[in-house]
Number of protein chains: 2
Amino acid sequence: MSPAAPSNQKARTILQAARKVFLEHGFSAATTDMIQQQAGVSKSTVYAHYPTKEKLFIAVVEAECESFLSGMQRIEFQPNGVEALLHQLANTYLDIVLSPVALAQYRVLVGEAPKFPELAHRFYQAGPRAMIRQATELLSRAAEAGELDFGGLSAETAATAFANLVRSELQQHYLLHPEARPSRAQIEQWAETCVFIFLRAFAAKR
Amino acid sequence: MSPAAPSNQKARTILQAARKVFLEHGFSAATTDMIQQQAGVSKSTVYAHYPTKEKLFIAVVEAECESFLSGMQRIEFQPNGVEALLHQLANTYLDIVLSPVALAQYRVLVGEAPKFPELAHRFYQAGPRAMIRQATELLSRAAEAGELDFGGLSAETAATAFANLVRSELQQHYLLHPEARPSRAQIEQWAETCVFIFLRAFAAKR
DNA sequence: AACATATCGAACCGATAGGTACAGTTCGAT
DNA sequence: ATCGAACTGTACCTATCGGTTCGATATGTT
C-alpha cells in the first residue's frame with residue numbers, strides 16, 4: 001500500500017486537503033488540524049512535508065496559479081468572424097472566473113493580499129493578466145484582418161476593456177453572494193451583451 | 001472628562017477603533033485586544049457595548065454601509081453634455097472605489113463573505129448597486145435628451161456596463177497590490193478611455 | 001535478517017484567543 | 001452625602017492555535 005514508499009503521494013494528498021480547507025475558510029480561520037483531518041493524515045506527516053502553515057498556503061496558491069496558466073494556454077481559438085471569437089472568449093472567461101474554485105480562490109487572495117503581497121501578484125499575473133495577454137493577441141489579429149477598428153486605442157487597451165467588461169459584473173455579484181450559483185443562461189446573456197457593446201464600439205465600418 | 005456619562009461616546013470610539021483594526025487585519029486575524037488597545041479603553045468596556053466580536057464587526061460594516069449610501073446620495077451632477085457627465089461619473093466613482101478605506105473594506109468583505117453572507121449583501125446594495133442605480137437614472141435622462149442611443153439595451157444594462165468598465169480594471173489591480181497607490185493621472189486616463197469607448201458604442205448619431 | 005524511511009497517534013508545549021469576574025474609581029443626578 | 005451607572009485594570013478561565021517530540025509500526029531495499 002504505502003508506508004515506506006518515497007511518497008510524494010502524501011504530499012499531494014496534503015496539498016489537496018489544504019487547498020480545500022484554505023479555499024473554504026481563508027488563511028487565518030483555517031487550522032492545521034482541519035487540514036490534517038481532511039487529508040486523513042497525521043499531524044506529524046503534514047509538518048514532515050511542509051514546514052509551516054504559511055508555506056503550505058503558498059504552495060497551494062502557487063500550484064493553483066500554475067494550473068490556471070497551463071489551462072489558459074491550452075485554449076485555442078479558430079476565429080471565423082470576430083463575433084464568434086468574442087463570444088467564445090467571453091464564455092470561456094466567464095466559465096473560469098465564475099467556477100466555485102476560482103471564486104473561492106479570488107476571495108481568499110484578495111482578503112489576504114496585505115499579508116501575502118507577492119502571492120497576490122503572482123495570482124494577478126497568472127489569472128487576469130494572462131487572460132488579457134491572450135485577448136490582446138487575438139483581438140489584434142482581428143484588427144489586422146480589418147474586422148475591428150480600435151479608433152486610436154491600443155489593442156491591449158481594447159482587450160483590457162473587453163476582459164473587464166465581461167468579468168466584473170457577474171464576478172462581483174458572486175463574490176459577494178457565495179451561496180448563489182450562476183446559471184448558464186445568465187452567463188450567456190451577459191456575454192451576449194458584452195459582445196454587442198464591444199462590436200458597437202469597435203466593429204470596423206466597411 | 002467622561003466616565004459616568006450615559007456615553008454612547010465610548011461606543012463610537014470603540015466602533016472607530018474596531019473599524020481601523022478590522023479593515024487592517026480582516027475579521028479572523030483581528031483580535032479584541034487590538035481593538036481595545038486601539039480604542040484606549042478597557043476590555044470590559046468593549047464587551048459592555050458589544051456582546052461579541054462578530055456583532056462588533058457587523059456594527060462596523062453596517063455603519064460603513066450607511067455612510068456610503070448617504071455619501072452617494074449627496075453627489076449631484078449638473079451635466080452640460082453627456083461627455084462631461086460621463087467624465088464626472090467615472091472620476092467620482094473611481095475616487096471612491098480606489099480610496100484606501102474602500103479597498104480595505106472590499107477586501108475584508110469579499111474575504112469574509114462566506115461567513116457573513118447577509119452583510120456582504122448589504123454592502124453590495126449600499127455600494128456597487130447604489131452606484132448603478134444612480135448611473136442608470138442619469139444615463140436614461142441623457143438618452144431621453146437624444147444624446148445617447150442604447151440600441152435596444154436597457155438604460156440599466158448600459159449603466160451597469162459603464163460602471164463595471166470604469167471600476168473593475170483599476171480596482172482589481174489595487175485589490176491585489178495593496179502597497180501600491182493609484183495616481184490621479186492613471187485614474188483620469190482610464191476614465192478617459194472608458195468614456196471614449198462608451199461614447200463610441202452609445203453616442204446618438206445626429 | 002537488518003536497516004532506513006515514512007508514517008501514525010497521541011501527548012505535549014508555549015502562546016494567545018474570546019470572553020468573564022471582580023474590586024475599585026469616577027462622575028452626574030438626586 | 002449618597003446612589004448608581006459607566007468605566008478601569010487586571011487577573012482569570014477555557015479552548016484552541018501552530019508546532020514539536022517520541023515511541024510504535026509497517027514497509028521496501030539490501
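Chain letters run A, B, ... following the sequence lines, proteins first, then strands; residues in each count from 1.
- Ionic pairing of B/Glu137 and B/Arg141 is present here: one or more N-O contacts between side-chain nitrogen and carboxylate oxygen are shorter than 4.0 angstrom.
- The separation between B/Lys10 atom NZ and D/dA5 atom P is 18 Å, rounded to whole Å.
- B/His25 has its NE2 atom 15 Å from the C1' atom of C/dT16, to the nearest Å.
- For the OP1/OP2 pair of C/dG18 and a distance below 4.0 Å, the side-chain nitrogens and oxygens of B/Lys43 include no atom meeting the criterion.
- Computed from coordinates, the A/Lys55 NZ to D/dG18 P distance equals 17 Å when rounded to whole Å.
- Phosphate contact (OP1/OP2 of D/dA6, side-chain N/O of B/His49, threshold under 4.0 Å): absent.
- There is a side-chain donor-acceptor pair under 3.5 Å between B/Gln172 and A/Tyr106.
- Residues B/Lys53 and A/Ala48 each lie close to DNA chain C; by heavy-atom proximity, the contact nearer the 5' end of the strand is made by A/Ala48.
- If you take CD1 of B/Ile35 and P of C/dG18, they are 8 Å apart, rounded to a whole angstrom.
- Closest approach to the A/Tyr47 side chain among D/dG19, D/dC7, C/dG19 is made by D/dG19 (side chain taken as heavy atoms from C-beta onward).
- Across all strands shown, A/Thr31 has heavy atoms under 4.0 Å from sugar-phosphate atoms exclusively, and none from any base.
- In this structure, a donor-acceptor pair under 3.5 Å is absent between the side chains of A/Gln125 and A/Arg129.
- We find that CD of A/Gln9 is positioned 21 Å from P of D/dA26, with the value rounded to whole Å.
- Checking the phosphate oxygens (OP1, OP2) of D/dT8, a side-chain nitrogen or oxygen of B/Thr45 falls inside 4.0 Å.
- In this structure, A/Ser42 does not reach the C/dT7 phosphate: none of its side-chain N or O atoms is under 4.0 Å from OP1 or OP2.
- When the nearest nucleotides of DNA chain D are assigned to B/Gly40 and A/Pro51 by heavy-atom distance, the more 5′-ward of the two goes with B/Gly40.
- At the heavy-atom level, B/Ala29 lies nowhere under 4.0 Å from the strands shown.
- For a distance-only test at 3.5 Å, the side chain of B/Thr32 fails to qualify as a donor-acceptor partner of the base of C/dA17.
- Under the ring pair (Phe, Tyr, Trp, His ring centres under 6.0 Å) test applied with A/Phe116, the options A/Tyr124, A/Phe123, A/Phe57, A/Phe22 reduce to a single match, A/Phe57.
- Atom-to-atom, CD of B/Gln37 to P of C/dT16 comes out at 13 Å; the value is rounded to the nearest Å.
- Residue B/Glu54 contributes atom CD, which lies 13 Å from atom C1' of C/dG19 at whole-angstrom precision.
- Using a 4.5 Å cut-off on side-chain heavy atoms (C-beta onward), B/Thr31 and B/His25 make no contact.
- Comparing D/dC17, C/dC8, C/dA17 against the side chain of B/Asp33 picks out C/dA17 as the nearest.
- The OH-C1' distance, from B/Tyr50 to D/dC7, rounds to 16 Å in whole Å.
- Across all strands shown, the partner of C/dT16 is D/dA15, judged by Watson-Crick or G-U wobble contacts whose two distances both fall under 3.5 Å.
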